[in-house]
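Down below is the structure, laid out as structure tokens.
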Amino acid sequence: MTASGTFGYGREMAEMVDLNRLGALVVKTLQLEARPGNPSPRICETPAGMINSIGLPGAGIEHFLAEDLPFLRRYETPVILSVAGCRVEEYEALVRRADECEGIAAIELNISCPNVKQGGLAFSVDPAATAGVVSACRAATRKPLIAKLTPNVTSIAAIARAAEDAGADAIAAINTILAMAINVRTRRPRIATNVGGLSGPAIRPVAVRMVWEIASAVRIPVIGMGGIMNAEDALEFILAGATAVAVGTATFRDPAAALGVIDGLEAFLREQGIARIRELVGAVEVWR
Amino acid sequence: MTASGTFGYGREMAEMVDLNRLGALVVKTLQLEARPGNPSPRICETPAGMINSIGLPGAGIEHFLAEDLPFLRRYETPVILSVAGCRVEEYEALVRRADECEGIAAIELNISCPNVKQGGLAFSVDPAATAGVVSACRAATRKPLIAKLTPNVTSIAAIARAAEDAGADAIAAINTILAMAINVRTRRPRIATNVGGLSGPAIRPVAVRMVWEIASAVRIPVIGMGGIMNAEDALEFILAGATAVAVGTATFRDPAAALGVIDGLEAFLREQGIARIRELVGAVEVWR
Amino acid sequence: MGDRVAACAQCWNLPVVANRSPGGRYRELVLRAPELAARMRPGQFVNVRCAEGLDPFLRRPFSVYRMDRAGGTFSLLYDVVGRGTGMMARWEPGDAADVLAPLGNWFAVPDGGGPLALVAGGVGVVPLVALAEAVAPTGRPLHALLGARTADLLLGEADFRGLGATVDVSTDDGSRDHHGPVHSLLQALLDRGDRFDVVYACGPRAMMAAVSRVAEGAGLPCFVSMEAGMACGFGVCMGCAWRVRADEVKYRLVCTDGPIFDAREILWDMA
Amino acid sequence: MGDRVAACAQCWNLPVVANRSPGGRYRELVLRAPELAARMRPGQFVNVRCAEGLDPFLRRPFSVYRMDRAGGTFSLLYDVVGRGTGMMARWEPGDAADVLAPLGNWFAVPDGGGPLALVAGGVGVVPLVALAEAVAPTGRPLHALLGARTADLLLGEADFRGLGATVDVSTDDGSRDHHGPVHSLLQALLDRGDRFDVVYACGPRAMMAAVSRVAEGAGLPCFVSMEAGMACGFGVCMGCAWRVRADEVKYRLVCTDGPIFDAREILWDMA
Ligand SMILES: Cc1cc2nc3c(=O)[nH]c(=O)nc-3n(C[C@H](O)[C@H](O)[C@H](O)COP(=O)(O)OP(=O)(O)OC[C@H]3O[C@@H](n4cnc5c(N)ncnc54)[C@H](O)[C@@H]3O)c2cc1C
Ligand SMILES: Cc1cc2nc3c(=O)[nH]c(=O)nc-3n(C[C@H](O)[C@H](O)[C@H](O)COP(=O)(O)OP(=O)(O)OC[C@H]3O[C@@H](n4cnc5c(N)ncnc54)[C@H](O)[C@@H]3O)c2cc1C
Ligand SMILES: Cc1cc2nc3c(=O)[nH]c(=O)nc-3n(C[C@H](O)[C@H](O)[C@H](O)COP(=O)(O)O)c2cc1C
Ligand SMILES: Cc1cc2nc3c(=O)[nH]c(=O)nc-3n(C[C@H](O)[C@H](O)[C@H](O)COP(=O)(O)O)c2cc1C
Ligand code: FES
Ligand code: FES
């Protein structure tokens, strides 16, 4: 799978990457209305990672449904919509709208974006707020609902359980970790919103830990992400309990990173004589 | 300064590094009794960082006071004791014991170690528990008390305020971030305690953000740490609001890293024509 | 979204043919890539992976400098300013470079035979040399205006002369020719009666802003080659946004909507 | 705490003299370092920074292989198994290596003139060659027992022969000489009546465990060179702890209490 916000709306990637080979394509998070996004600079590099504060720019869900979805439907790959709003009602409206559309396999609730002023992060730092969004959306659709969680919490397991109890069909984790970098000569934060979200290999060990905690706490599937560069990284998440994995920041360095992960996983299964990757899900042998 | 647990008890480093040049030396966290520490493997490498689960091995505070402190007192560098226990009473006893000793400039309360079964992390994930330890220790000493906080929380500013209100003289941040890495061939976690603490440059952007949040929330000084490799890294923390900085994991790659930071800071001040480093504390110019 | 531009980009593993220093901190990296040399256009850029490991993590963008279609090579001219370019500086013939290319749009050259002004500040000369190289065979008059802080840092003069362009130089410290910023040189030429169909500019932001103001004052179209921090280079991270002139807040992506923009579009006073 | 051992360690910037392959995936890195060549002892190790950037992050430990005091060089022999050693394999004469040294304790050689058994598995031969090099001038009989999975992977035979040692070889697949694990070769020699003052062993953990059991059975002192994941190499991270035989849970540090241990101290069945 691709991680939301790192693969555009698929279109941008179509001539570089065979979209049909992807397990699923999660599009950049959509909102009800068009948004310009945050001021620049929006990104900066950090050791083995990067900080971003993009701020969910986009032309809005109607534009996507009219212009981009028809293009994606030419491919066989399941399309997962990612949506965000400032209030519960906006999430609900987005989900209701998506529910009507064919060619959308599932809906991911981005309740963990650190880079928008209202909403976003505010929901998934709190179990009750998480449950509120998820249950409202649950009532608005029969499509599978994925709750995407933030790592910026004391106990992600508690949030995941709240999402599960409120009717989420899966958990996606993790979104980015709040971070800051400062240009010591200009004394300015390197990101125009001062704080942004850290992603890339640097955060992988934190993401694997959180996926393990979530998988130990819920029964619904977990979609693991955070710094996956190759098949071995993906396997860490799978062993920790992820049923699926998503590639994000790696795509920026190598547009075909997601396909590389798929190829690598197949090679690993062959090498180890494992019939189905399911056998590896949660198969970590913890020390006691 | 040196970060606790990364410079031993000073003695190990004395022939590699001129201890007199350090701003302060924070020793490896001490407990009341001798402890063997955690089973191995205790460490593993990660992108631009490492995970550790050492588990506070050591011969106990009495051994330190008898064997190591006299050695350190031959140097001019202020010695800061780091202490940890399982219960508030143990912290109190440790602080009371240290209070009697000459040659101890301050006491750091490690209420954030992720790698001990009881105590440790449990305290500093909760404002009330943090306040409990700090105020008990406050009553037990007149020496400066530093509360060392964990980043594994939703709001580190709230915890820092609780420590300040309970009488801490300074905040140290951050300790390591909970993390996990898995050997995909053996399917074993790379650390025998399954989960350990992530440190090194990978976490620096998270640490800078947290120091900025803390410095914006409290009036007492903040000691910044997390992935500092050189003067420029240290300056990020200082601009974010740290009055002092500590070098941890960098020492493993370069035993003299802390001295390199000092030299680099001096060169930077000269180059920029800044008289005193105080002028830079919290001098980040945030975007509005 | 500009996907038509980045469309055919891909990762190439390109043999290093040479990595020489034309002086100062600058280096020219020549890469064997017959297909790219045939296909890339002046103004486009490539995204180079500098590190073997994960640090530095992101690729580094560089404009295409010279293209040798016959020889099947193209080159980059880069200033060794940091860790990524520091690593590149150590590459040797026989090494291979991981390069994502071609990226971005390219310079539009309007029909007609009138002279073109190419105004460069420092290493900003790179895409303008590429433009001159493409236009020179048509015989259209080219006038290069090269600015530098001091004469030693001047770059590209020999390239432009070799391509038959008229060259004028300005230095901030007066160590050569026109004394002052390069936009004042452009103004001086216009004042003495020089006429251009288009002004092309590349260099530090303040320099491009000043040049575009001079061009606007003279009623001349002006195209600039912009720089922004980039994570991907192909339009999906949305990190390279540049705010443009519009009634509402509006951004364009330097990597796929640019790097070449009509100067009238750009909001220069962005912090 | 072993601080007496690591005491004089420091970071050195050492010119690469050669980086050649003696066969297979192995490489010998020769470094110019007159002071270290004069000072280091067999069994000690050095900690090498492999990456220019921050990834891989930690140094990589390697035992000292050959020391040429006269020539002012010493060498490492390493197996290219991962990213760090992969980077090292590309170093060339003229490059410089950032090396933290000397680290760890060294082999103790008891007084007396009796023969010493040096039992090596794979690349574990390295510190034993260093030991043979140091002992050979005394004329004391050395008997090297070299184990490998298959004959092609055999390492160090020429070194030992050049130092005048008796060499016996065992291969797991029987492709050369004794067929079986190297501890069974040691057992066979003891059974036929060979006598040794001390057994020294280095190789995979299971191999060292087996050799030390054979030595213990024969009542011989046995010293082993241990490996553990290391962050610092000088005793402050406490990451390289190895559990030792004791009534309570007790660890020792491989980097400063070792890497050479009396085999009787080691708890082999640690996971
Ligand atoms: C479209 C485009 C074309 C470019 N063409 C050229 C060219 O032809 N020749 C050339 O020398 N340079 C060019 N650059 C700039 C070049 O990408 C940077 O100099 C390079 O990325 C620095 O990498 P580094 O790792 O050596 O420096 P770093 O260690 O990353 O940083 C050194 C300094 O450069 C700044 N910097 C880093 N990345 C960028 C960036 N992407 N844009 C602007 N500043 C940056 C940093 O803030 C810092 O001040 C171009 C940039 C863009 C976006
Ligand atoms: C005291 C000591 C002396 C050593 N002497 C030699 C020597 O003379 N020659 C030699 O070839 N090797 C020696 N080693 C092992 C050597 O340090 C590792 O092979 C090297 O660190 C691998 O680095 P890498 O980046 O290439 O591999 P990585 O990419 O880090 O890993 C490749 C594989 O090696 C394992 N590995 C990584 N680091 C270590 C480690 N420190 N110890 C054990 N396994 C590890 C990994 O788990 C992985 O399976 C020694 C190790 C120690 C502790
Ligand atoms: C530039 C950028 C933009 C992102 N945009 C979104 C987004 O729109 N919606 C979302 O849910 N997550 C977004 N993310 C988070 C990623 O989907 C992913 O959760 C996170 O980056 C961790 O994975 P990674 O390390 O593989 O990138 C974005 C991440 C980056 C780096
Ligand atoms: C191997 C290791 C051991 C540590 N031991 C301690 C300790 O005993 N007490 C403590 O308060 N912090 C300990 N820490 C945490 C550091 O003091 C520091 O807070 C953290 O590593 C972040 O800084 P760094 O990235 O510069 O290492 C340890 C860290 C490492 C890597
Ligand atoms: S660099 Fe990613 S969108 Fe432009
Ligand atoms: S490697 Fe750090 S204590 Fe041994």
Student check: side-chain heavy atoms of Arg59(C) and Phe252(A) closer than 4.5 Å = no

Name the option with the most non-hydrogen atom pairs under 4.5 Å to chain A; the candidates are Lys250(C), Met230(C), Arg60(C).
-> Arg60(C)

Output for pair (Asn38(A) CG, Met238(C) CE), nearest 0.5 Å, gives 12.5 Å

Taking every heavy atom of Leu100(C) against every heavy atom of Pro255(A), the minimum-distance pair comes out as CD1-CG, 3.8 Å

Closest non-hydrogen atom pair, Thr6(A) against Val236(C) = O-CG2, 3.6 Å

Taking every non-hydrogen atom, the tightest pair across Met13(A) and Phe234(C) | SD-CE1, 3.6 Å

For atom CZ of Arg21(A), decide whether the heavy atoms of other residues, nucleotides or ligands shown that lie under 6.0 angstrom number more than 12.
-> yes

Enclosure of Glu35(C) CD (heavy-atom neighbours >12, cutoff 6.0 Å) = no

Looking at Ala14(A), Gly248(A), Gly37(A), Pro39(A), which makes the most heavy-atom pairs under 4.5 Å with chain C?
-> Pro39(A)

Between the OH atom in Tyr251(C) and the CD1 atom in Ile54(A), the distance rounded to the nearest 0.5 Å is 11.0 Å

Give a yes or no on whether Arg149(C) atom CZ has more than 12 heavy-atom contacts from other residues, nucleotides or ligands under 6.0 Å away.
-> no

Taking every non-hydrogen atom, the tightest pair across Met50(A) and Ala231(C) = CE-CB, 3.7 Å

Heavy atoms only: give me the nearest Asp55(C)-Pro47(A) pair and the separation to one decimal.
-> OD1-CA, 3.8 Å

Tell me, do Pro36(A) and Glu248(C) make a side-chain contact under 4.5 Å, heavy atoms counted?
-> no

Charged tip of Arg253(A) within 45° of Phe57(C) ring normal and under 6.0 Å = yes

From Ile43(A) atom CD1 to Cys237(C) atom SG, the distance as rounded to the nearest 0.5 Å = 5.0 Å

